[in-house]
4 protein chains.
Amino acid sequence: MERNRSVPSILCGMPRKREPAGAAVLQESVTSAITTALFDELAETGYARTSVDAVARRAGVGKAAVYRRWPSKQAMLLDLLETAVRRNVPEVPDSGSLAGDVRGFLDVIVAQVADPRIKRIALDMAAETTRSPDLGAALRETVAGPRRAAAATVLSRGVERGELPADIDRELGLDLLISPLLGRLLLIGGPVDDAYLTRLTTVIVAGLTSA
Amino acid sequence: MERNRSVPSILCGMPRKREPAGAAVLQESVTSAITTALFDELAETGYARTSVDAVARRAGVGKAAVYRRWPSKQAMLLDLLETAVRRNVPEVPDSGSLAGDVRGFLDVIVAQVADPRIKRIALDMAAETTRSPDLGAALRETVAGPRRAAAATVLSRGVERGELPADIDRELGLDLLISPLLGRLLLIGGPVDDAYLTRLTTVIVAGLTSA
Amino acid sequence: MERNRSVPSILCGMPRKREPAGAAVLQESVTSAITTALFDELAETGYARTSVDAVARRAGVGKAAVYRRWPSKQAMLLDLLETAVRRNVPEVPDSGSLAGDVRGFLDVIVAQVADPRIKRIALDMAAETTRSPDLGAALRETVAGPRRAAAATVLSRGVERGELPADIDRELGLDLLISPLLGRLLLIGGPVDDAYLTRLTTVIVAGLTSA
Amino acid sequence: MERNRSVPSILCGMPRKREPAGAAVLQESVTSAITTALFDELAETGYARTSVDAVARRAGVGKAAVYRRWPSKQAMLLDLLETAVRRNVPEVPDSGSLAGDVRGFLDVIVAQVADPRIKRIALDMAAETTRSPDLGAALRETVAGPRRAAAATVLSRGVERGELPADIDRELGLDLLISPLLGRLLLIGGPVDDAYLTRLTTVIVAGLTSA
DNA sequence: TTCTAATCGAGACGGTACGTCCCGTCTTGCC
DNA sequence: GGCAAGACGGGACGTACCGTCTCGATTAGAA
C-alpha cells in the first residue's frame with residue numbers, strides 16, 4: 001500500500017490502513033501496466049480527454065484495479081506527476097560563482113520540463129489549483145518546495161561568497177530565479193536555447209544583485 | 001452576427017457568412033443571458049465541471065441556442081476569455097521614467113488577472129495549448145500579442161530616454177517584464193502586494209539595464 | 001382558408017375563421033408545393049421519420065407556411081390522407097347481381113390501397129386512433145363512412161333483388177365485405193390477385209347469404 | 001442472457017455471445033424494472049410519445065441499462081410485443097364441431113387483443129412493417145405464424161370430420177378465419193361482443209363450406 | 001498443505017453530460 | 001398581411017465516461 005501512501009492524504013479520500021491477516025497485495029505488474037498505459041494515453045490524447053476506461057482497456061486491466069490504487073482520475077494523474085518530478089530532484093552543484101549557479105539552476109528547470117508530458121500535467125495541475133486550494137497546497141509542498149529549496153541554496157552561496165548582499169529579499173530572489181524561465185516555458189512558449197539561457201542568466205544576476 | 005465573427009476561425013467550425021435575404025438573427029438578449037450564466041457557472045463550479053446543460057438551464061435557454069453560437073463547449077469558453085481579456089487592453093501611460101513605466105505595466109497585468117475567473121480560464125487555456133497548436137497560435141495572437149506590444153512600448157520609451165541601450169535584447173526584455181509577475185500570479189501563487197511590486201520593479205529595471 | 005376547413009375541427013386546435021377585412025390569402029402555389037414535398041418525403045422516409053423541417057426545406061418554403069395551414073404534423077398528414085382517399089370515392093356500379101357487386105366493391109378497395117403511401121398513412125392513422133379517440137371518430141366519419149355507405153348499397157341491392165334476406169344483419173354484412181380484404185391488405189400482407197379476389201367473392205357471398 | 005437471445009437477430013444489432021470468463025451479467029431485476037416501467041409508460045402516453053428517458057427514470061435506472069439490453073427504442077418495443085404475444089400462444093381445443101372450433105379460435109384472438117396495449121403496439125408494428133420488410137418478415141414468423149398454424153388446425157379438423165371439402169383453399173380459409181375479426185378489432189373498431197362473435201361464426205362457417 | 005481473503009479481468013450499475021435533431025412558436029425584413 | 005429564413009425553448013436521441021458494485025477465477029499469505 002505504499003502506492004497510496006505516496007499521494008498526499010488530502011488527495012485521497014482515505015488511504016487504506018490494512019494488511020491485517022491473510023491478506024492479498026496489489027500486484028506490481030498490474031500497477032506498472034496501468035502506469036505505462038496512462039503515460040501512453042496522455043501522450044496520445046491529452047489529460048482532459050484521457051478516460052479511466054481507456055487506460056484500463058489499454059493496460060488490459062479491470063477498472064477496479066485502477067480505483068483500488070487511486071481514489072480518482074485526478075489523484076492518479078497527480079501521483080504520476082509527483083513521481084515523474086520527484087525522479088529528478090534539482091541538485092545544483094556549487095560552480096564557484098553566482099552566475100554559474102544561476103545557470104546551473106536554470107538548466108535543471110529546463111531539463112525537467114523538457115518532457116512535454118510533464119509540461120501538460122503541470123499546467124493541468126496548475127489550472128486545477130485555482131479550484132482546489134488543498135491541491136495547491138499539496139503541489140506547493142511536494143513540487144515547488146524542493147525547487148525553491150534548491151534556489152535558496154543558490155542565493156545562500158551567493159551571500160556567502162559576498163556576491164549578494166546579506167539582507168537580500170529571499171522571496172523576491174526565488175521568484176526571479178524561477179518565474180521568468182517557468183513563465184516562458186509554460187505560458188509564453190517561445191524557444192529556450194542556450195543563447196537565451198545565457199542572456200537570461202545575466203539579467204537574473206543583475207536583478208539579484210540589485211535586490 | 002458579430003458574435004461568431006469575433007471568434008478566431010480556428011476555434012469555430014466555420015464562421016457564418018449570412019444575411020442573404022430576410023434572415024433570422026441571433027438575439028443579443030439570449031447571447032448575453034448565456035454569457036452571464038456561463039460566468040456565474042464558472043465562478044461556482046469551475047471550468048472542468050461547467051456543463052453546457054447547466055449553463056443553458058441557468059440562462060433559461062435551450063441548449064440549441066448555445067450550439068448555434070459556438071460549435072463546442074471549448075469554443076464557448078475560449079470566446080469568453082478573449083472577450084474578457086479584450087475588454088481590458090493594456091494601456092501604459094508614459095510616466096516619464098523607465099521605472100514608472102515598468103511599474104505601470106505590472107499594475108495593468110495585476111489588474112487583469114485580479115478576477116480569479118480570468119486566472120482560471122487563462123490557465124485552462126494555457127494547458128489546452130499543449131494539445132492544440134492552433135489554439136496556442138490563436139491565443140498568442142489575440143491575448144499575448146497586445147500585451148507584448150504594450151511591453152514593447154515601455155522598452156522603446158526607455159531607449160528613447162536613453163535609460164536603456166539601443167541594442168537591448170527586445171525578446172528577453174519582454175520576457176523579463178511579463179514572465180516574473182505572470183509566473184507568480186498564475187503558477188506560484190504567493191501574495192502580490194504593493195511592496196512586492198515595488199521591489200519587483202527595481203530588479204526588472206536592473207535586469208533590463210544590464211541586458 | 002378552405003384548406004383548414006377541410007380538417008375536422010377536432011383535429012385542429014382552433015380552425016381559423018378569418019377573411020374579415022383587408023386580409024391576405026394563403027397562396028395555392030405554396031400549398032401545393034408543400035403537398036408534393038410531403039408526399040415525396042413520405043415515400044422516401046416514411047411517416048415516423050418525416051419531419052416538418054424536411055418537408056418545408058424540400059418545398060422551398062418556410063416552416064411557418066406549413067403551420068399556417070395545419071396546426072400540427074399529424075393534422076397535416078391526416079388532411080393529406082383524407083384528400084387522397086376522397087379523390088377516389090368508392091362508386092360501385094350496379095352489375096345486376098350480388099356476386100358482381102361484391103367483386104366490384106372489392107376491386108374499389110384494392111384500387112385505393114394500391115398506392116403503398118396510402119397504405120402507410122392508413123396504418124399510421126389506425127395506430128394513432130388507439131391514442132386519440134377524437135381522431136378515431138374523425139377517421140370513421142370521413143374515411144370509413146363513405147366506404148361503409150358504398151358497401152351498404154351493395155347489400156341493399158342484394159335485398160331488393162331477393163338475393164339476400166330482408167332482415168340481414170347489416171353491421172355484420174358490412175364487416176364481411178370490408179374486413180377480410182382490408183385485413184389481408186394492411187395486416188397480413190399476402191398477395192391479392194385476381195384469383196384471390198374471385199374466390200374471396202364466392203365465400204363472402206356465401207357468408208352474406210347465411211347471415 | 002436469454003433476454004437478448006429472444007430478440008430476433010434482425011431487430012438487434014448483434015445478439016451478445018458472451019460468458020467468456022469471469023463476466024458480468026445483465027441483472028434480471030433491472031430488466032424487469034425496465035419492462036414494467038415501459039408497459040406503464042405505454043399505457044399512459046402511448047407508443048409514439050414514450051421516451052427512453054422517461055422509461056429509465058420511471059424504472060429508477062440509468063439510460064445505459066436500457067441501451068445495454070436493446071439497441072434502440074424500437075427494438076425494445078418490439079421485443080416487448082413479441083414477449084407479450086408469445087405468452088399467449090393460441091391453443092384451440094377440439095370442440096367436436098367446425099362451428100365450435102371456429103368460435104374457439106375467435107375467442108382466442110379476442111382474448112389476445114383485449115389488452116389495449118397489445119392493440120396499440122400491434123398496430124404500430126404493422127405500420128412500421130410498411131417501411132421495414134425485415135421487420136415484417138420477423139413479425140410474420142413470430143407473431144402471425146403460430147396463429148395461422150392454430151387456424152390451420154381448425155381447418156384440418158373440419159376436413160377430417162367431413163365438414164369441409166378436402167380440397168379447400170387453405171390460404172383463403174385462413175384469411176377468412178383471421179381477417180374479419182382482426183380487421184374489426186384493429187381497424188374498424190366497433191364493439192365485439194358475444195352476439196357478434198356468434199353471428200360471425202355462422203358466416204365464417206358458411207364461407208368456409210363454400211370455399 | 002490447506003484455508004481464506006483480497007486480488008484479478010470483465011463489465012453492469014445509476015448518473016451526468018455530450019452534441020444532434022426535431023417540434024411548434026416567434027421574429028425579422030422583403031414583397 | 002403572406003412569405004422565406006431561421007432563431008427560440010423544450011426535450012428526446014444514442015454515446016461516452018465517471019466512480020461503484022458484483023461476479024467467478026486466481027493467487028498468495030497464515031495456519
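So that the names make sense, note that chain A is the first sequence line, chain B the second, and so on, each numbered from 1.
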Short N-O contact, D/E41 and D/R57, less than 4.0 angstrom:
no
Minimum-distance nucleotide (side-chain atoms of A/V52 versus E/dC8, F/dC18, E/dC23)
F/dC18
Given E/dC13, F/dC3, F/dA7, which nucleotide is nearest the side-chain atoms of B/L26?
F/dA7
For F/dC3, does OP1 or OP2 lie under 4.0 Å from any side-chain N or O of C/R68?
yes
Between F/dC18 (P) and B/R49 (CZ): distance, integer Å:
13 Å
Please state how far atom OH in B/Y67 lies from atom P in F/dC13, giving the value in whole angstrom units.
18 Å
For the pair C/S32 (side chain) and C/S29 (backbone), establish whether a donor and an acceptor sit closer than 3.5 Å, ignoring hydrogens and angles.
yes
Between E/dT7 atom P and A/E28 atom CD, what is the distance in whole Å?
14 Å
Is any side-chain nitrogen or oxygen of B/R69 closer than 4.0 Å to OP1 or OP2 of F/dC8?
yes
Take C/Q27 and D/A64, find for each the nucleotide of DNA chain F with the closest heavy atom, and name the residue whose nucleotide sits nearer the 5' end.
C/Q27
Mind listing the closest non-hydrogen atom pair of C/V66 and C/A56 along with its distance?
CG2-CB, 4.4 Å
D/D53 side-chain proximity, nearest of F/dC13, E/dG14, E/dC26
F/dC13
When rounded to the nearest 0.5 Å, the distance separating CG of A/D53 from CZ of A/R58 is 13.5 Å
Identify, between C/K73 and D/V30, the residue whose nearest nucleotide on DNA chain E lies closer to the 5' end.
D/V30
What are the residues of residues 54-63 of chain C, sorted by number, that bring a heavy atom to within less than 4.0 Å of DNA chain E?
C/K63
Between D/R49 and D/E44 (salt bridge meaning N to carboxylate O under 4.0 Å), is one present in this structure?
no
Going through the distances and angles, do C/V55 and C/F39 end up as a side-chain contact (heavy atoms from CB on, under 4.5 Å)?
CA-CA 9 Å; C/V55 170; C/F39 261 100; over 6 Å; no
Base, sugar-phosphate, or nothing: which does A/T50 touch, judged by heavy atoms less than 4.0 Å apart?
sugar-phosphate
side-chain contact (heavy atoms from CB on, under 4.5 Å) between D/R69 and D/V30: does it pass, once the steps are laid out?
CA-CA 10 Å; D/R69 288 168 170 74; D/V30 171; 3.6 Å; yes
